[in-house]
Amino acid sequence: MASWAARPTSGRRISSEITPRFFPWVGKPDYNLITDMADEAITRMKQLDAAAPEQPFFIYYVPGGSHSPHQPTKEWSDKFKGKFDMGWNAMRDQIFANQKRLGVIPANAELTPGQMTCRNGKRWRPMKRSCSRGKRKSTQVTRPIPTMRSDVSFSRSKTWAKLNNTLIIYIVGDNGTSPEGTLLGTPNQYTAYNGILKIPVEEQLKFYDSWGSAATYPHMAVAWSWAFDTPFKWTKQVASHFGGTRQGLAISWPDRIKDAGGVRTQFHHIIDIVPTILEATGIKAPDMVNGIQQSPIEGVSMAYTFDKANATAASARKTQYFELMSNRGIYNEGWYANTTPPVGPWVLNAPMPDVNAYKWELYDLNADYSQANDLAARMPDRLKQMQALFHAGGGQIQRASIGQLVVCTSDSAAAERHCGTDRLHLFG
């Protein structure tokens with residue numbers, strides 16, 4: 001979703017009655033969606049507090065900032081100028097060191113290989129100066145977005161009397177950093193979707209000064225995406241590896257959580273957020289909504305982790321199923337089995353193998369936080385058990401059929417085999 005204002009076509013008239021609600025950018029040349037969402041959330045909280053201060057409230061604030069296109073305001077982009085001059089490999093080392101220092105990853109966690117190979121087998125390497133300059137710019141406009149305006153929201157609420165009894169669940173990320181920016185990055189993400197996977201650096205540099213503005217629809221190079229998923233392997237779209245699924249999570253509730261700054265290591269999933277809120281509020285999940293029978297909630301509450309006494313308690317979540325575009329994974333009581341991606345998701349026109357031909361990997365997460373040491377060859381029986389659990393759906397109810405996404409382009413070999421046939425499917 002674009003963050004900057006869309007412009008009505010010349011001569012088009014928009015009713016003044018519906019303009020503020022449906023077209024909030026009209027008359028605001030510097031309008032930015034993410035900024036507006038933060039302002040609207042703050043206004044909503046103030047209105048609720050003024051109208052019914054005794055009533056509890058719920059705000060679901062989901063800015064699209066961590067998703068491409070990356071379009072922060074110049075104010076925020078400028079704050080990150082020069083922050084990525086060290087390059088992606090050095091940045092991975094810095095991130096990893098900070099994670100260890102803060103204690104948000106185990107002391108024995110390993111930094112997985114960052115020198116991932118491209119389709120032709122060549123490894124990432126330092127770029128010539130002009131290329132590197134363009135890539136740093138693409139990253140400069142990417143990083144501010146998750147933070148943008150959120151600090152304003154929280155700073156304004158710090159003096160709010162209700163803050164101590166307010167549960168704040170803060171999740172940062174986009175399922176892992178997305179790799180659709182291709183190996184070189186792009187000022188227009190839709191070029192990749194149309195099969196153009198390499199825009200010359202000389203052409204990209206023409207957008208240097210406007211990168212991240214309404215004149216671009218940009219995304220960064222894959223190597224930066226990989227680096228921002230440190231210490232894990234892979235990226236968004238690769239649900240088999242934690243580089244495509246792990247997210248940062250912080251929970252605040254001063255009246256209830258007394259272990260401020262504590263770190264929890266239990267394995268949980270996004271589907272556990274709703275049960276946590278329900279337990280915290282004492283609300284029972286409805287069986288019926290507007291006459292429609294509701295499916296059982298598959299998540300489990302994380303509220304038990306709020307207590308310091310349970311800091312090292314066993315995870316209440318025992319099993320979790322993962323699958324996206326044939327990249328598969330299954331978690332079960334500390335063990336994790338997953339398929340190996342046959343090709344990077346940034347190669348949008350690559351031929352794909354049969355879903356049953358994928359290689360599988362096996363990890364003991366109790367000793368190997370980052371999926372660094374594959375045990376599949378040494379523990380084939382354990383791997384078979386995990387594969388059987390995956391094919392049973394992990395005991396979970398809602399799961400889609402396994403399929404593949406083929407992006408068809410005029411020069412795609414995959415197009416000849418798949419496009420226009422019943423083999424072109426999209427599953428999520």
Side-chain angles (χ1 to χ4, degrees), residues 1-6 20-25 28 31-49 56-73 76-77 141-158 160 162-163 166-180 189 212 214 217-220 225 228-229 235-237 239 244-253 268-281 283 285 289 294 297-299 301-303 322 324 398 428:
M1 180 186 296
S3 296
W4 294 107
R21 182 175 180 183
F22 296 104
F23 303 98
W25 61 81
K28 301 176 183 178
Y31 177 88
N32 185 278
L33 175 64
I34 308 304
T35 302
D36 190 32
M37 288 180 68
D39 290 339
E40 286 291 328
I42 294 168
T43 299
R44 176 66 172 166
M45 291 169 62
K46 289 181 176 179
Q47 290 174 339
L48 291 172
D49 192 41
F57 70 94
F58 179 80
I59 294 288
Y60 185 45
Y61 173 63
V62 190
S66 62
H67 197 288
S68 61
H70 306 295
Q71 296 175 319
T73 60
W76 280 94
S77 177
V141 302
T142 302
R143 290 303 93 195
I145 296 289
T147 326
M148 195 169 140
R149 297 294 290 178
S150 62
D151 67 320
V152 178
S153 302
F154 285 107
S155 64
R156 289 187 184 181
S157 64
K158 283 181 180 178
W160 192 34
K162 293 183 178 180
L163 182 62
T166 298
L167 171 64
I168 300 174
I169 300 176
Y170 182 54
I171 305 172
V172 185
D174 182 25
N175 307 315
T177 312
S178 65
E180 294 92 339
Q189 185 176 328
Y217 202 93
H219 207 339
M220 60 189 166
S225 300
F228 284 124
D229 291 328
T235 61
K236 182 182 176 182
Q237 294 191 31
T245 59
R246 285 275 192 176
Q247 301 289 265
L249 167 67
I251 299 179
S252 172
W253 189 4
H268 278 282
H269 189 269
I270 190 70
I271 62 174
D272 298 333
I273 296 295
V274 168
T276 302
I277 295 173
L278 293 176
E279 180 176 343
T281 56
I283 297 174
V289 175
Q294 300 298 291
I297 290 179
E298 296 180 341
S301 173
M302 299 184 292
F322 297 85
L324 181 65
Q398 300 185 41

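Across S225 and P179, no two heavy atoms sit closer than the pair OG-CA, 4.1 Å. When all heavy atoms of A239 and F322 are compared, the closest pair comes out as O-CB, 3.6 Å. When every heavy atom of L278 is checked against every heavy atom of A285, the shortest pair comes out as CD1-CB, 3.8 Å. Considering every non-hydrogen atom in both Y31 and D36, the closest pair reads OH-OD2, 2.7 Å. What you find for L48 and F57 is that their closest heavy atoms are CD1-CB, 3.8 Å. For the residue pair Q189 and P218, the shortest heavy atom distance occurs at OE1-O, 4.5 Å.
In terms of the side-chain contact (heavy atoms from CB on, under 4.5 Å) criterion, residue partners of N175 (sequence neighbours excluded) are, by chain and number, K236. Every residue was checked against the side-chain hydrogen bond (donor to acceptor under 3.5 Å, both in side chains) condition with T276, not counting sequence neighbours, and none meets it. Looking at residues two or more places apart in sequence or on another chain, you find a side-chain contact (heavy atoms from CB on, under 4.5 Å) between V62 and Y60. Residues forming a side-chain hydrogen bond (donor to acceptor under 3.5 Å, both in side chains) with H268 (at least two apart in sequence, or on another chain): D272, Y304. Remark: I171 pairs with I169, Q247, L249, I270, I273 by the side-chain contact (heavy atoms from CB on, under 4.5 Å) rule, at least two apart or across chains.
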**Item:** From CA spacing to verdict: side-chain contact (heavy atoms from CB on, under 4.5 Å), Q237, E180
**Value:** CA-CA 10 Å; Q237 294 191 31; E180 294 92 339; 2.7 Å; yes
**Prompt:** Going through the checks in order, is the side-chain contact (heavy atoms from CB on, under 4.5 Å) test met by F58 and T281?
**Reply:** CA-CA 11 Å; F58 179 80; T281 56; over 6 Å; no
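Between the side chain of T235 and the backbone N or O of S178, no donor-acceptor pair lies under 3.5 Å.
Residues D229 and T177 bring a donor and an acceptor atom of their side chains to less than 3.5 Å of each other.
Residue D49 holds its CG atom at 11.0 Å from CD of Q47, rounded to the nearest 0.5 Å. With rounding to the nearest 0.5 angstrom, the OG1 atom of T166 is 7.0 Å from the CE atom of M45.
In this structure the side chain of I168 reaches within 4.5 angstrom of the side chain of L163, judged on heavy atoms.
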